[in-house]
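Reckoned from all heavy atoms, side chains included, excluding hydrogens, waters and symmetry mates.
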Amino acid sequence: MFRPIVRLWLLVFVPFAILPFVFISGVVVPQTALWGHAVFHIIYLPIIVAAWWALWRFVRETPNLALRAIAALMLLCQSSFAFGHAGELVTVVQAGFFSAPESIFNQNPHMFFASFAVLGILASEVLLIVLTITAVIQRLRRRSARLAGGPASTSA
């Protein structure tokens, strides 16, 4: 049960923690190099697809209803994130891609799509924490029921 959750952490949390730091924060790629924002969107898209696929498999294969419901909500949030992220990329491409002016990031199309992307990924991160805590609690409850000699649930 925990291997798919670790996979979700690697596909949802780790890129969210690393890619903005590398390409947008200005620490690794200078903030004056606006191409970093476009590269960020290009690199993140396949990661979003892989995370969406991992969530889809988790929803299909997990027998526990609570974990499936949380993962389904994460799938919805990841879809919002993918929509916003792709919309931001299209906006940047239309404005000149690697040579897009800095003003594009504050204009309406980019900000509209960015709101979907930011809300989707932040909600996914929160739900990933909830999913992990729920899985741990259910595992501990099953283990304590098994040690007490009671009927152990095999649903998770």
Side-chain angles (χ1 to χ4, degrees), residues 1-138 155-156:
M1 171 50 65
F2 281 97
R3 187 171 292 157
I5 293 175
V6 169
R7 183 181 309 128
L8 290 175
W9 275 93
L10 291 173
L11 289 171
V12 175
F13 180 76
V14 171
F16 175 71
I18 294 174
L19 291 178
F21 175 76
V22 170
F23 290 105
I24 297 177
S25 70
V27 175
V28 178
V29 174
Q31 284 186 334
T32 55
L34 299 177
W35 57 266
H37 195 92
V39 171
F40 164 77
H41 288 294
I42 291 170
I43 290 173
Y44 218 140
L45 271 178
I47 295 169
I48 294 170
V49 171
W52 202 90
W53 172 80
L55 276 165
W56 180 256
R57 278 190 60 194
F58 189 87
V59 168
R60 275 192 358 221
E61 296 172 1
T62 302
N64 186 287
L65 181 62
L67 295 177
R68 269 198 329 245
I70 295 167
L73 285 173
M74 278 183 69
L75 196 56
L76 179 68
C77 293
Q78 283 290 311
S79 297
S80 170
F81 176 50
F83 169 74
H85 198 80
E88 284 183 84
L89 182 59
V90 167
T91 302
V92 171
V93 167
Q94 289 176 343
F97 205 32
F98 292 123
S99 61
E102 188 173 357
S103 62
I104 189 69
F105 303 121
N106 298 324
Q107 292 175 355
N108 190 23
H110 187 271
M111 293 306 292
F112 171 78
F113 289 113
S115 64
F116 280 97
V118 170
L119 291 175
I121 191 62
L122 290 178
S124 291
E125 302 297 332
V126 170
L127 286 170
L128 182 59
I129 293 167
V130 170
L131 178 80
T132 305
I133 291 170
T134 304
V136 167
I137 289 171
Q138 289 183 351
S155 63

In Å and rounded to the nearest 0.5 Å, what is the CD1 to CG distance from Ile5 to Leu131? 4.5 Å

Is there a side-chain contact (heavy atoms from CB on, under 4.5 Å) between Ile47 and Leu19 once you walk through the steps? CA-CA 11 Å; Ile47 295 169; Leu19 291 178; 3.7 Å; yes

pair Glu125-Ile129: side-chain heavy atoms closer than 4.5 Å: no

So do Ile121 and Tyr44 actually touch side chain to side chain, heavy atoms under 4.5 Å? yes

May I ask you to test the Arg60-Arg68 pair for a side-chain heavy-atom distance under 4.5 Å? no

State whether the side chain of His85 and the backbone N or O of His41 hold a donor-acceptor pair below 3.5 Å, judged by distance alone. yes

Calculate, to the nearest 0.5 Å, the distance between atoms OG1 and CE belonging to Thr91 and Met111 respectively. 11.5 Å

So, do Phe97 and Ile42 sit near enough that their side-chain heavy atoms are less than 4.5 Å apart? yes

Would you sort out whether Phe21 and Phe16 count as a ring pair (Phe, Tyr, Trp, His ring centres under 6.0 Å), showing the intermediate values? CA-CA 9 Å; Phe21 175 76; Phe16 175 71; over 10 Å; no

Testing the basics here: between Cys77 and Leu127, what is the closest heavy-atom pair and its distance to 0.1 Å? SG-CD1, 3.9 Å

For Thr134 and Leu67, indicate whether the former's side chain and the latter's backbone hold a donor-acceptor pair under 3.5 Å. no

Just how far is it from atom CG of Leu55 to atom CD1 of Ile70, taken to the nearest 0.5 Å? 12.0 Å

Output for pair (Ser80 OG, Leu122 CG), nearest 0.5 Å, gives 10.5 Å

At what distance, to the nearest 0.5 angstrom, does CD of Gln78 lie from OG of Ser124? 4.0 Å

Are Val28 and Phe23 packed together at the side-chain level, in the sense that at least one heavy-atom pair is separated by less than 4.5 angstrom? no

Do the rings of His37 and Phe40 sit parallel, tilted or perpendicular, given the 30° and 60° boundaries? tilted

Would you mind reporting whether Trp9 and Thr132 have side-chain heavy atoms less than 4.5 Å apart? yes

Leu75 and Phe58, any side-chain heavy atoms less than 4.5 Å apart: no

Under 3.5 Å: donor-acceptor pair, side chain of Thr62, backbone of Asn64: no

Mind checking the CD1-CD1 spacing from Ile43 to Ile18? Nearest 0.5 Å is all I need. 11.5 Å

What's the verdict on side-chain contact (heavy atoms from CB on, under 4.5 Å) for Trp52 and Leu11, showing C-alpha distance, side-chain angles and the deciding distance? CA-CA 9 Å; Trp52 202 90; Leu11 289 171; over 6 Å; no

Nearest non-hydrogen partners of Ala72 and Val59, listed with the distance: N-CG2, 3.6 Å

Could you give the side-chain donor-acceptor pairs of residues 101-108 under 3.5 Å, partners two or more places apart or in another chain?
none

Below 4.5 Å, heavy atoms only, C-beta onward: do Leu119 and Phe81 meet side chain to side chain? no

